[in-house]
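Since the structure comes first, as C-alpha cells, the remarks are kept for the end.
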There are 2 protein chains.
Amino acid sequence: MSKLPSLKNLSYLLALHQHQNFNRAAQACNVSQSTLSSGIQNLEEQLGCQLIERDHKSFLFTGMGEEVVEQARRILTSTEELLYFAQSQGKIMEGPLRLGCIPTIAPFLVGPLTKQLQVDYPKLQLNIREDTTDNLLHLLRNGELDVLVLALPVDLQGNQSYVLGRDPFKLVMHQSMADNLHEPVQYNQLPDNSIFLLEKEHCLTGHAVAACELADSTKINPFTATSLHSLVQMADARLGATFIPQMAIDRGILNGTDLVALQPTGQQASREIGLVYRPTTNRRQTFRRLAEFIAQLLPEPLLK
Amino acid sequence: MSKLPSLKNLSYLLALHQHQNFNRAAQACNVSQSTLSSGIQNLEEQLGCQLIERDHKSFLFTGMGEEVVEQARRILTSTEELLYFAQSQGKIMEGPLRLGCIPTIAPFLVGPLTKQLQVDYPKLQLNIREDTTDNLLHLLRNGELDVLVLALPVDLQGNQSYVLGRDPFKLVMHQSMADNLHEPVQYNQLPDNSIFLLEKEHCLTGHAVAACELADSTKINPFTATSLHSLVQMADARLGATFIPQMAIDRGILNGTDLVALQPTGQQASREIGLVYRPTTNRRQTFRRLAEFIAQLLPEPLLK
DNA sequence: AACCTTAATTAGTATTTCCGATTATAGTAA
DNA sequence: TTACTATAATCGGAAATACTAATTAAGGTT
C-alpha cells in the first residue's frame with residue numbers, strides 16, 4: 001500500500017486552487033513559494049497522476065486535479081471538524097456556527113433567532129449567510145458553512161436534515177380586490193396574469209405553486225420579483241395577488257399596507273422548513289438543539 | 001487556528017484501538033512502540049483532550065477517544081479512497097472491490113455475478129462478504145466494505161443507493177397442500193401456524209410479511225429457520241408453507257423437491273434490491289456500472 | 001533591450017520523526 | 001522475598017523531511 005498524501009500537501013493544493021497563483025497561495029499558507037511548489041509535485045508523485053498542467057508561465061488544473069481538490073476539501077473539512085470537536089468537547093452551544101439561510105426565510109427568522117440565542121446561549125457566535133438553495137448547498141459541501149435553514153422538499157444531495165415545522169402560504173392582495181372572494185380562494189375567480197411570483201431561483205415559487213395547487217399557469221404574471229418585499233409592494237399597488245409565507249406576515253411584512261391575507265386552495269398550503277447538515281458531521285447534538293430552538297420560532301413547529 | 005492532527009497519528013490511534021496494545025499496534029503500523037506512544041501523546045496534545053486513560057500497566061479509551069476514533073476512521077477512509085481514486089484514474093472497473101451482500105441474496109447472486117464479471121471486467125477483483133444488513137452497514141461506515149447489495153426499504157443511515165430491481169415473493173408449499181388453493185392465495189385458507197419464516201435478523205422476514213400483506217400473525221409458526229434452504233427443507237417435509245424470493249427459485253432452490261410456488265396476496269408482493277454506498281464515495285461511476293450490471297441478473301430489473 | 005512576473009530548481013538549514021535503549025510499574029512464578 | 005515477564009513512558013541521537021533564500025528559465029511588458 002502506497003503512502004497516504006499528507007494533509008499539509010492537500011491544503012497546499014487547495015490554496016493553489018483558490019488563489020490560482022503559487023506565490024499568493026504560498027503566502028496564504030505561510031510558506032515559501034518553493035515549499036508549496038515542491039509540495040504539489042510531491043502530491044502528484046504520491047497520487048501517481050498529473051494534477052496541474054504547467055505552461056512555463058502559467059498553469060491549469062487538470063480534470064483529475066479538480067476532482068482531487070473536491071475530495072481534499074472534504075478531507076480537510078472533516079479533519080478541521082475533528083479538531084474543533086475535540087477542542088470544544090462538551091460545549092455544544094459555544095463557539096462559531098456558520099449558518100446559511102434562504103432569502104425568503106432569513107429576514108423573518110434571523111432577528112428573533114439571534115436575539116433569543118443571545119439570551120439562551122450567549123457564547124454561541126452565529127454567523128449567517130443568505131443565499132439561494134443551490135449556492136448554500138454548495139457552500140455546505142465545501143465546508144464553508146456548517147448548517148442550513150432551507151424550505152423543503154429539495155434535493156439534499158446526500159445531506160441530512162431535521163424537519164423543523166411548517167410555514168403556511170397566504171394569498172395576499174389589496175383589500176379592494178378581496179371583497180367578492182371567499183376562502184379558500186378558487187383561482188378561477190382571479191383574472192389572468194394576476195398572480196405575481198418571485199424569480200425562479202427562489203424555491204418559494206415552486207413550493208407555493210405546488211402546495212397551493214395552482215395548476216392554471218395562465219393566472220401567473222410572467223413578470224417576476226426579486227424579494228418578498230417587492231411582491232408586497234406590487235400587491236399593494238393593486239397590480240395583482242401573490243403568495244406570502246405566514247412567517248413573513250407574522251413579522252409584519254404587511255404592516256402599513258392595505259393588503260389582506262386569504263387562505264389559498266390546497267390540501268396543505270404550506271412549505272416545510274428544515275435544518276440541513278452534512279451526513280459526516282460531528283455536531284449533531286448542536287444541530288439538534290438548534291433545530292428545536294428554531295422550530296419554536298416557526299408558525300407551526302413540528303419538532304419537540 | 002491550531003495545527004491539524006496528522007493522518008499518521010490518527011492511524012496510530014486507530015491501530016491502538018483495534019489491537020488494544022501498544023506493541024502489537026506499533027507492529028501493525030511498522031513503527032516502534034515508542035513512536036506510536038509519542039504519536040498518541042502528540043495527538044492528545046494537539047486535540048487538547050485526553051483520548052486514553054492510562055493505568056500504569058494498561059489503558060482504556062475515554063468516551064472522547066472512542067469518538068475521535070470514529071471520526072478518524074472516516075477521515076482515513078476518505079484519504080485512502082482519494083489515493084486509490086487518483087492512482088486508478090480512468091479504470092473504473094479494475095482493481096479490488098469489496099462488496100457486502102445479505103444471506104438471502106448472496107447465494108443466488110454471487111455465482112452468476114462473479115462468472116459474468118470475470119468475462120466483462122476480468123481485472124475487477126470482487127471480494128464478497130455475506131452478513132446481516134446491520135453488520136454490513138457498519139462495515140460500510142467503517143470503510144471495510146465499498147458497496148452493499150441489500151433488500152430495501154431499510155434505514156440507510158445516511159448512505160445512498162441505486163435501486164436495481166424487484167424480486168417477487170412466492171408462497172412455496174408442498175404440492176399436496178396446494179390442491180384446493182387458487183391464486184393469489186388468501187391466507188385464511190391456510191391453517192394456523194402453517195407459515196414458516198426466517199429469524200428476525202433477516203430483513204426478508206419483515207419485507208415478506210409487509211409485501212405480501214400477511215396481517216394475521218396467527219398463521220405464522222413461531223419456529224424460525226436460519227436460511228432459505230432450511231425453509232425449503234421444512235416445506236418439503238410438509239411442515240407448512242413459506243415465502244421464497246423469485247431469485248432463489250430461478251437459481252433452482254426448489255429443484256429435487258415436491259414444492260410448488262404460488263402467487264401470494266399483496267399489491268406488489270416483492271422486495272426491492274438496492275446497491276448501497278457511502279455518500280462521500282468517489283467511485284460513483286464504478287457503482288453505477290456495477291448497478292446496471294447486477295440489475296440485469298435480477299428477476300425484474302429497474303435500472304437502465 | 002531592459003524589466004517584471006511567474007514557476008521550477010538547487011543547496012544548505014531547520015525541524016520533525018523515528019528508533020533503540022532504558023526506565024518505571026505491575027503482575028506472576030519460583 | 002526474589003527473579004522474570006509484560007507493559008507503556010522517556011530520552012538521546014540518527015535519519016528523514018520540510019523549509020527557505022537565492023537562482024534560473026521563460027514569457028510578457030514597457
Side-chain angles (χ1 to χ4, degrees), chain A residues 1-47 49-62 64-66 68-69 72 76 79 83, chain B residues 1-47 49-62 64-66 68-69 72 76 79 83:
Chain A
M1 190 187 79
S2 4
K3 217 185 119 190
L4 289 178
S6 78
L7 292 181
K8 197 172 287 191
N9 284 350
L10 291 179
S11 75
Y12 292 164
L13 188 73
L14 284 201
L16 183 61
H17 188 256
Q18 187 182 341
H19 294 97
Q20 292 290 324
N21 173 298
F22 275 74
N23 281 293
R24 286 195 291 278
Q27 263 189 298
C29 296
N30 293 311
V31 295
S32 72
Q33 171 260 317
S34 65
T35 298
L36 190 129
S37 178
S38 63
I40 302 286
Q41 288 177 58
N42 220 312
L43 201 54
E44 287 185 307
E45 202 166 331
Q46 282 173 344
L47 297 183
C49 65
Q50 201 180 4
L51 301 178
I52 56 182
E53 281 175 39
R54 283 123 171 124
D55 172 294
H56 274 170
K57 174 110 182 90
S58 185
F59 64 89
L60 200 72
F61 274 76
T62 63
M64 191 61 197
E66 296 280 351
V68 172
V69 164
L76 282 164
T79 314
L83 181 65
Chain B
M1 190 187 80
S2 3
K3 217 183 118 190
L4 287 178
S6 78
L7 293 181
K8 198 170 285 189
N9 284 349
L10 291 179
S11 75
Y12 292 165
L13 188 73
L14 283 200
L16 184 61
H17 188 256
Q18 187 183 342
H19 295 96
Q20 291 289 324
N21 175 298
F22 275 74
N23 281 293
R24 285 196 292 279
Q27 264 189 296
C29 296
N30 293 309
V31 296
S32 72
Q33 171 260 317
S34 66
T35 298
L36 190 129
S37 179
S38 62
I40 302 286
Q41 287 177 59
N42 219 311
L43 200 54
E44 288 185 307
E45 202 167 331
Q46 283 172 342
L47 297 183
C49 64
Q50 201 179 3
L51 301 177
I52 57 183
E53 281 175 41
R54 281 112 171 139
D55 173 291
H56 276 273
K57 175 119 183 79
S58 185
F59 64 89
L60 198 73
F61 274 75
T62 63
M64 191 60 199
E66 296 281 351
V68 172
V69 164
L76 282 164
T79 314
L83 181 64

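Chain naming here is simple, since letters A, B, ... match the order of the sequence lines and numbering starts at 1 in each.
Between B:Gln46 atom CD and C:dT17 atom C1' there is a gap of 13 Å when expressed in whole angstrom units. Nucleotide D:dT10 holds its P atom 14 Å from the CD1 atom of B:Ile40, rounded to whole Å. Per the geometry, CZ belonging to B:Arg24 stands 11 Å off P belonging to D:dA6, to the nearest Å. Atom CD in B:Gln41 sits about 12 Å away from atom C1' in D:dC11, given to the nearest Å. Straight-line distance from the CG atom of B:Leu4 to the P atom of C:dT16: 15 Å, rounded to whole Å. The separation between B:Glu44 atom CD and D:dA8 atom P is 14 Å, rounded to whole Å. For the pair B:Leu43 CG and D:dA8 P, the interatomic distance rounds to 17 Å; values are reported in whole Å. Following rounding to the nearest Å, B:Phe59 (CZ) and C:dG27 (P) show an atom-to-atom distance of 16 Å.
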Given the rule in the side-chain contact (heavy atoms from CB on, under 4.5 Å) test, do A:Leu43 and A:Tyr12 qualify, once you have shown the distances and angles that lead to the verdict? CA-CA 10 Å; A:Leu43 201 54; A:Tyr12 292 164; over 6 Å; no
Do A:Lys3 and A:Glu45 pass the salt bridge (Lys or Arg N to Asp or Glu O under 4.0 Å) test, and can you show the C-alpha distance, the side-chain angles, and the key distance before you say yes or no? CA-CA 11 Å; A:Lys3 217 185 119 190; A:Glu45 202 166 331; over 6 Å; no
In sequence, state the C-alpha distance, the side-chain angles, and the governing distance for B:Glu66 and B:His17, and then conclude on side chain to side chain donor-acceptor pair (under 3.5 Å). CA-CA 8 Å; B:Glu66 296 281 351; B:His17 188 256; 2.8 Å; yes
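Between B:Ile52 and B:Leu60 the shortest side-chain heavy-atom distance does not fall below 4.5 Å. Contact check for B:Gln41 versus B:Gln46: no side-chain heavy atoms found under the 4.5 Å cut-off. A heavy-atom distance below 4.5 Å is found between the side chains of B:Thr79 and A:Pro5.
A donor-acceptor pair under 3.5 Å links the side-chain atoms of A:Glu44 to the main chain of A:Leu51, judged by distance alone. A donor-acceptor distance shorter than 3.5 angstrom exists from the side chain of B:Ser38 to the backbone of B:Ser34, with no hydrogens or angles considered.
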Would you tabulate the pairs of protein nitrogen or oxygen atoms and nucleotide nitrogen or oxygen atoms of nucleotides 18-21 of chain D closer than 3.5 angstrom?
unit_1	atom_1	unit_2	atom_2	d
D:dC19	OP1	A:Lys8	NZ	3.3
D:dC19	OP1	A:Tyr12	OH	3.3
D:dC19	OP2	A:Tyr12	OH	3.2
D:dT20	OP2	A:Ser32	N	2.5
D:dT20	OP2	A:Ser32	OG	3.0
D:dT20	OP2	A:Thr35	OG1	2.7
D:dA21	N6	A:Ser34	OG	3.0

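Interatomic distance, B:Asn9 CG to B:Ile40 CD1, rounded to the nearest 0.5 Å: 7.0 Å.
Of the residues in residues 15-23 of chain A, those lying under 4.0 Å from DNA chain C by heavy-atom distance are A:Asn21, A:Phe22, A:Asn23.
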